[in-house]
Amino acid sequence: MAQVHPTAVIEDGARFGQDCVIGPLCVVGADVVLGDRVELKSHVVVTGKTEIGDDTVIFPFAVIGEIPQDLKFKGEDSRLIVGARNRIREHVTMNAGTDGGGGVTRVGDDGLFMAGCHIAHDAQVGNRVIVVNSAAVAGHCVLEDDVIIGGLAGIHQWVRIGRGAIIGAVTMVTNDVIPYGLVQAPRGELHGLNLVGLKRRGVARSDITALRAAFQMLAQGEGTFHERVERLGKESDSQQVHEMVDFVLGHTDRSFLVPGR
């Protein structure tokens with residue numbers, strides 16, 4: 001049922017869902033699985049053990065599923081899984097996983113990956129994530145749902161970015177970012193909360209007020225950062241604040257960006 005342009009190269013073994021469109025000069029590898037209504041515009045390479053979810057559109061010159069850019073990679077079995085309804089724009093690269101990261105790079109649903117951005121090996125990307133032009137997400141990173149990464153930003157390996165956080169353009173992030181955080185400046189600094197994003201998602205005013213109070217406590221409260229977080233968990237009944245608390249108290253290989261006093 002697929003529409004395949006005569007100049008496309010489809011290796012034996014590739015599997016297509018219903019109504020896929022494969023444009024001119026695309027290359028689809030033998031271990032690739034495309035869901036229903038996937039469209040490869042033209043000059044797209046999808047290779048390796050890669051799954052692409054329904055209704056995803058991939059634009060020209062994207063390379064999806066190639067081996068990791070990791071010198072430790074020795075050809076081990078690894079894969080890339082991309083969810084449904086993603087828009088993957090021109091020159092985007094997404095790499096398969098490695099043994100050191102569980103072997104799977106995973107991208108959720110409804111994302112927008114703008115021209116020239118990079119998703120490295122073993123990254124775990126949530127739903128409704130936006131990665132703007134020429135931003136780079138390094139290996140083993142975690143981007144939770146509704147994260148926005150600004151243009152030309154760089155996310156250091158192993159960094160976690162909590163749900164609903166926003167990273168400004170031309171920002172280097174080397175430490176974990178709390179949910180709903182707003183990070184900017186050349187060496188990423190936690191400047192506040194993503195209030196615009198919270199309002200756009202219809203978060204109740206009372207919850208936004210609770211988050212603002214929580215941020216103030218994290219910035220100015222007594223004790224260490226973790227002590228302040230633990231106190232927040234005991235004192236607040238806001239779901240969003242508890243998301244922030246659980247995120248900070250969860251396992252991480254990095255330290256945190258903390259509010260300036």
Query - All side chain to side chain contact (heavy atoms under 4.5 Å, CB included) counterparts of Ala213, not counting sequence neighbours - result: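 Partners of Ala213 under the side chain to side chain contact (heavy atoms under 4.5 Å, CB included) test: none.
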
Taking side chain as C-beta onward, heavy atoms only, is [X] less than 4.5 Å from [Y]?
X	Y	value
His121	Phe73	no
Arg187	Thr174	yes
Val229	Met244	no
Leu34	Ile22	yes
Pro24	Thr7	yes
Ile88	Val82	yes
Phe61	Glu90	no
Leu232	Val241	yes

Query raised in the report: Can Gln239 and Asp207 be counted as having a side-chain donor-acceptor contact under 3.5 angstrom?
Result: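 The criterion, which ignores hydrogens and geometry beyond distance, is not satisfied for Asp207 and Gln239.
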
Query raised in the report: So, Thr224 versus His226: side-chain donor-acceptor pair below 3.5 Å or not?
Result: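 Thr224 vs His226: no donor-acceptor pair found between side chains.
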
Would you compute the distance between atom [atom1] of [X] and atom [atom2] of [Y] and round it to the nearest 0.5 angstrom?
X	Y	atom1	atom2	answer
Arg106	Ile81	CZ	CD1	4.0 Å
Leu193	Leu198	CG	CG	7.0 Å
Arg205	Lys199	CZ	NZ	7.5 Å
Ile52	Leu80	CD1	CG	6.0 Å

Report task. Please indicate whether Arg200 has more than 12 foreign heavy atoms, meaning atoms of other residues, nucleotides or ligands, lying under 6.0 Å from its CZ. Result ->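 Counting neighbours around CZ of Arg200, 12 or fewer heavy atoms of other residues, nucleotides or ligands fall under 6.0 Å, so no.
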
Query raised in the report: Should the pair Phe256 and Phe247 be assigned to parallel (<30°), tilted (30 to 60°) or perpendicular (>60°) ring geometry?
Result: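 It falls in the perpendicular class, over 60°.
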
Query raised in the report: With clusters built from Ile, Leu, Val, Met, Phe, Trp and Tyr whose side-chain heavy atoms come within less than 4.5 Å, directly or transitively, what are the remaining members of the cluster of Val170, listed by chain and number?
Result: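 Reading the cluster by chain and number, Val170 sits alongside Leu152.
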
Report task. Run the salt-bridge test on Arg85 and Asp110 with the 4.0 Å N-O cut-off and return the result as yes or no. Result ->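 Here Arg85 pairs with Asp110 in a salt bridge, since their nearest N and O are under 4.0 Å apart.
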
Query raised in the report: Can Arg37 and Glu39 be counted as an ion pair, charged N to O under 4.0 angstrom?
Result: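 Answer for the salt bridge query: no.
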
Sequence neighbours excluded, every pair satisfying salt bridge (Lys or Arg N to Asp or Glu O under 4.0 Å) that has a member inside [range]:
range	result
residues 2-14	none
residues 133-157	Arg128-Asp145, Arg128-Asp146, Asp146-Arg163
residues 62-80	Lys49-Asp77, Glu51-Arg79, Asp70-Lys72

Requested in this report: Identify the residue among Asp176, Asp253, Asn175 that makes a side chain to side chain donor-acceptor pair (under 3.5 Å) with Arg160.
Outcome: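 Of the listed options, the one satisfying the test is Asp176.
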
Query raised in the report: How would you list, by chain and number, every residue that makes a side-chain hydrogen bond (donor to acceptor under 3.5 Å, both in side chains) with Thr98, sequence neighbours excluded?
Result: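 side-chain hydrogen bond (donor to acceptor under 3.5 Å, both in side chains) list for Thr98, sorted by chain: Asp122.
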
